[in-house]
Enquirer: 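Shown below is the structure under consideration.
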Amino acid sequence: MVLCTWFSSLKLRRALYRTRWRGNLLPFLVLVVLVIFTFLILSLWSRTLGLKLPESEEINKTEFIQFQAQGNPNPDSRKPHPPYYSSPEIGAGPYHDWELFAADYRDMLQNLKIFVYPDVSMNNESSPFARIFLPHPDPFDPKIGNYFSEHVFKHALLRSSLVTQHPEEAHFFFMPFSINAMRNHPLLHSESSISSFVAQYTSRISLEFQFWNASGGADHFYLCCHSVGRDAASKYLALRNNAIQITCSSSYFQRLYTAHKDIALPQVWPRQYEEVLNPPAARDKLVFFAGRVQNSQIRKELLTLWENDTSFSIFSGHPPFPYKEGFKRSRYCLHVKGYEVNTARVSDAIRYGCVPVLISNYYDLPFANILDWSKFSIVISQGDIALLKNILSSMSKQMYLNLYRNLCIVRKHFKWYTTPRNYDSFYMTAYQLWLRRGLSRVA
């Protein structure tokens with residue numbers, strides 16, 4: 001009797017177990033199917049959004065990594081150009097957002113229109129001031145020096161597809177006077193005479209043309225690389241407050257420069273020939289700097305601290321070897337504030353493949369809304385000059401190589417041509433105008 005009761009109990013437990021197992025199996029199978037289905041949907045979704053690189057771009061990425069590993073001495077020859085992909089092998093690229101910039105840049109090329117006031121084509125004998133408006137006859141003349149960007153921009157603009165002869169379709173209006181030409185003109189020269197001339201010219205175009213009054217001058221722009229340029233607009237209130245100043249002296253600590261309105265122009269020395277870069281292994285000096293110290297307390301402090309350090313090549317005035325050799329043989333090149341925040345040393349460093357070290361407070365860096373300067377340069381506060389060697393020595397080899405590689409990519413943005421080329425300094429500056437379009441036209 002007891003045995004029969006035990007067997008009956010056992011059968012009942014088995015029946016209950018089978019029922020419970022079968023009841024749990026179905027939800028488990030449904031859960032597995034849902035997980036697999038969700039994974040497939042996410043995979044297809046990621047490919048649709050472009051989160052996975054297309055096959056051709058995967059190849060380009062591999063080629064780029066191989067290119068960098070080989071130490072190609074001429075990085076500008078790499079094809080195709082960015083996008084520059086982030087990866088553990090090559091680090092983050094030098095752009096804030098390449099794809100966004102590239103798409104908007106293409107839109108600019110197709111749509112941006114600039115009207116140039118006709119003074120730019122006046123007869124050279126029609127006015128004693130003609131040369132102030134006419135393009136410089138030889139913008140690559142070495143005597144132009146630091147004011148090269150001011151002159152070559154005009155050549156590039158007039159030879160670009162951005163110029164329109166129909167002012168009613170223009171986004172911007174170029175006032176083609178040259179501050180550098182005025183500075184060297186015997187009838188002007190002084191800062192007071194230059195600002196008076198610019199005020200009279202602005203008054204004239206506001207009377208002869210309707211376009212100035214339509215916007216209060218907010219869609220007009222002018223260029224200057226001379227330090228006296230920031231005072232050029234001082235005697236005409238609307239020009240000073242509304243017009244766009246494209247200037248090399250882009251210090252947001254200085255008067256008459258407004259960072260959200262005005263545009264920083266890269267200061268470049270006139271050099272026509274391309275440079276083949278020294279690879280990192282051929283750079284046997286840690287730091288290079290050469291320049292006058294008379295007008296800069298921070299430069300004097302730099303020499304006091306580091307002039308006798310053998311790992312530094314620092315000179316007051318000209319070095320005892322060709323100037324460009326200092327850039328080509330060094331890993332880091334100093335840009336130290338002089339009379340102004342800007343000098344051509346930044347562009348020189350980029351040209352010769354030397355990572356710029358910027359020791360110049362309040363410098364509104366060119367193209368900073370497109371380029372991430374922290375990815376190809378080092379910015380040091382003037383108050384930290386005593387820590388310079390510690391900062392640079394603490395950079396690992398991989399960190400330096402990432403800076404160097406990114407520097408190679410941005411070089412094309414700091415080159416000028418009389419006939420502009422894609423992504424050069426002219427088009428990068430024009431893109432800064434493009435970003436300011438349509439914000440202020442009132443009629």
Enquirer: Are F173 and F221 near enough that their ring centres are under 6.0 Å apart?
Expert: no
Enquirer: What about Y431 and F367, are their ring centers closer than 6.0 Å?
Expert: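 Not close enough - the centres of the two rings lie 6.0 Å or further apart.
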Enquirer: Would you call D348 and R271 a salt bridge, taking side-chain N to carboxylate O under 4.0 Å as the test?
Expert: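 So D348 pairs with R271 through a salt bridge.
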Enquirer: Can you name the side chain to side chain contact (heavy atoms under 4.5 Å, CB included) partners of S396, sequence neighbours left out?
Expert: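 Checked S396 against side chain to side chain contact (heavy atoms under 4.5 Å, CB included); matches are Q398, M399.
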Enquirer: For H318, look at atom NE2 and say whether over 12 heavy atoms of other residues, nucleotides or ligands are found less than 6.0 Å away.
Expert: no
Enquirer: For the CD atom on Q165, are there more than 12 heavy atoms of other groups (residues, nucleotides or ligands in this structure) within a distance under 6.0 Å?
Expert: no
Enquirer: Between I314 and F288, does a side chain to side chain contact (heavy atoms under 4.5 Å, CB included) hold up when you go through it step by step?
Expert: CA-CA 6 Å; I314 294 184; F288 171 68; over 6 Å; no
Enquirer: Under 6.0 Å between the ring centres of F129 and F177?
Expert: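 Ring centroids of F129 and F177 are no less than 6.0 Å from each other.
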Enquirer: Restricting to salt bridge (charged side-chain N to carboxylate O under 4.0 Å, His left out), what partner residues turn up for D231, sequence neighbours left out?
Expert: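 With sequence neighbours excluded, D231 shows a salt bridge (charged side-chain N to carboxylate O under 4.0 Å, His left out) to R255, given in chain and number order.
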Enquirer: Do any pairs count as a disulfide bond (SG atoms under 2.5 Å apart) and have a residue in residues 269-298, sequence neighbours left out, and if so which ones?
Expert: none
Enquirer: Cut-off 3.5 Å, no hydrogens considered: what does the side-chain donor-acceptor table look like for residues 155-162, sequence neighbours left out?
Expert:
{"unit_1": "H155", "atom_1": "NE2", "unit_2": "H136", "atom_2": "O", "d": "2.6"}
{"unit_1": "R159", "atom_1": "NH1", "unit_2": "T418", "atom_2": "OG1", "d": "3.4"}
{"unit_1": "S160", "atom_1": "OG", "unit_2": "L157", "atom_2": "O", "d": "2.8"}
{"unit_1": "S160", "atom_1": "OG", "unit_2": "L162", "atom_2": "N", "d": "3.2"}

Enquirer: Say whether S250 and T247, considering side chains only, have a donor N or O and an acceptor N or O under 3.5 Å apart.
Expert: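 Not at all, the side chains of S250 and T247 share no donor-acceptor pair under 3.5 Å.
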Enquirer: Using the disulfide bond (SG atoms under 2.5 Å apart) rule, collect all pairs that involve residues 275-335, keeping only residues at least two apart or in two chains.
Expert: C333-C354
Enquirer: If I take atom CZ from residue R240 and atom OG from residue S195, how far apart are they, to the nearest 0.5 angstrom?
Expert: 11.5 Å
Enquirer: Do the two ring centres, one from Y352 and one from W269, sit under 6.0 Å apart?
Expert: no
Enquirer: Determine whether the aromatic ring centres of Y404 and Y332 lie less than 6.0 Å apart.
Expert: no
Enquirer: Rounded at 0.5 Å granularity, tell me how far CD in Q267 sits from NE2 in H335.
Expert: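 One gets 9.0 Å once the value is rounded to the nearest 0.5 Å.
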Enquirer: Establish, yes or no, whether a centroid distance under 6.0 Å links the rings of F133 and Y201.
Expert: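 For F133 and Y201, the ring centres are under 6.0 Å apart.
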Enquirer: Would you please test E307 and L302 for side chain to side chain contact (heavy atoms under 4.5 Å, CB included) and show each step?
Expert: CA-CA 7 Å; E307 187 175 23; L302 175 73; over 6 Å; no
Enquirer: Would you confirm whether the ring centroid of H413 sits within less than 6.0 angstrom of the ring centroid of Y95?
Expert: yes
Enquirer: Could you please spell out the steps behind the ring-ring contact (aromatic ring centres under 6.0 Å, His included) verdict for Y105 and Y423?
Expert: CA-CA 9 Å; Y105 176 90; Y423 295 112; 4.3 Å; yes
Enquirer: Roughly how far, to the nearest 0.5 Å, is the CH2 atom of W416 from the CZ atom of F426?
Expert: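 Between atom CZ of F426 and atom CH2 of W416 there are 7.5 Å.
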Enquirer: Check the side chains of S425 and K412 for a donor-acceptor pair under 3.5 angstrom, ignoring hydrogens and angles.
Expert: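 No, no side-chain donor-acceptor pair sits under 3.5 Å.
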Enquirer: Test: disulfide bond (SG atoms under 2.5 Å apart). Region: residues 228-293. Which pairs qualify, not counting sequence neighbours?
Expert: C225-C248
Enquirer: Quick one: which residue pairs count as a salt bridge (charged side-chain N to carboxylate O under 4.0 Å, His left out) with a foot in residues 321-336, not counting sequence neighbours?
Expert: E275-K324, E275-K328, D284-R329
Enquirer: Could you walk me through whether I132 and H185 pass side chain to side chain contact (heavy atoms under 4.5 Å, CB included), step by step?
Expert: CA-CA 8 Å; I132 290 172; H185 198 288; 4.0 Å; yes
Enquirer: According to the salt bridge (charged side-chain N to carboxylate O under 4.0 Å, His left out) rule, which pairs have a member within residues 364-373, sequence neighbours left out?
Expert: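 Matches after skipping sequence neighbours: D372-K375.
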Enquirer: If you round to the nearest 0.5 Å, how far is CD1 of I378 from CD1 of I380?
Expert: 6.0 Å
Enquirer: Could you list the residues that satisfy salt bridge (charged side-chain N to carboxylate O under 4.0 Å, His left out) with K261, not counting sequence neighbours?
Expert: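 Here no residue qualifies.
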Enquirer: Atom CD1 of I298 and atom NZ of K337: how far apart are they, to the nearest 0.5 Å?
Expert: 10.0 Å
Enquirer: If the plane angle is over 60° it's perpendicular, under 30° parallel, otherwise tilted; pick one for F376 and W373.
Expert: tilted
Enquirer: So M175 and L239, side chain to side chain contact (heavy atoms under 4.5 Å, CB included) or not? Walk me through it.
Expert: CA-CA 11 Å; M175 306 168 73; L239 180 66; 4.0 Å; yes
Enquirer: Apply side chain to side chain donor-acceptor pair (under 3.5 Å) to the pair S178 and E150, showing each step before the final yes or no.
Expert: CA-CA 7 Å; S178 167; E150 178 180 320; 2.7 Å; yes
Enquirer: Using only heavy-atom distances, determine whether the side chains of H151 and N180 contain a donor-acceptor pair under 3.5 Å.
Expert: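 Distance-only check passes for H151 and N180.
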Enquirer: Could you name each residue pair satisfying salt bridge (charged side-chain N to carboxylate O under 4.0 Å, His left out) that touches residues 288-301, not counting sequence neighbours?
Expert: none
Enquirer: How about H220 and Y117: are their ring centres within less than 6.0 Å of each other?
Expert: yes
Enquirer: Compute the ring centroids of F115 and F174, then answer whether they are less than 6.0 Å apart.
Expert: no
Enquirer: Side chain to side chain contact (heavy atoms under 4.5 Å, CB included) with S393: which residues, sequence neighbours excluded?
Expert: L286, K389
Enquirer: If the condition is side chain to side chain contact (heavy atoms under 4.5 Å, CB included), which residues does D262 pass it with, not counting sequence neighbours?
Expert: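 If we apply the side chain to side chain contact (heavy atoms under 4.5 Å, CB included) test to D262, skipping adjacent residues, the hits are Q245, Y257, T258.
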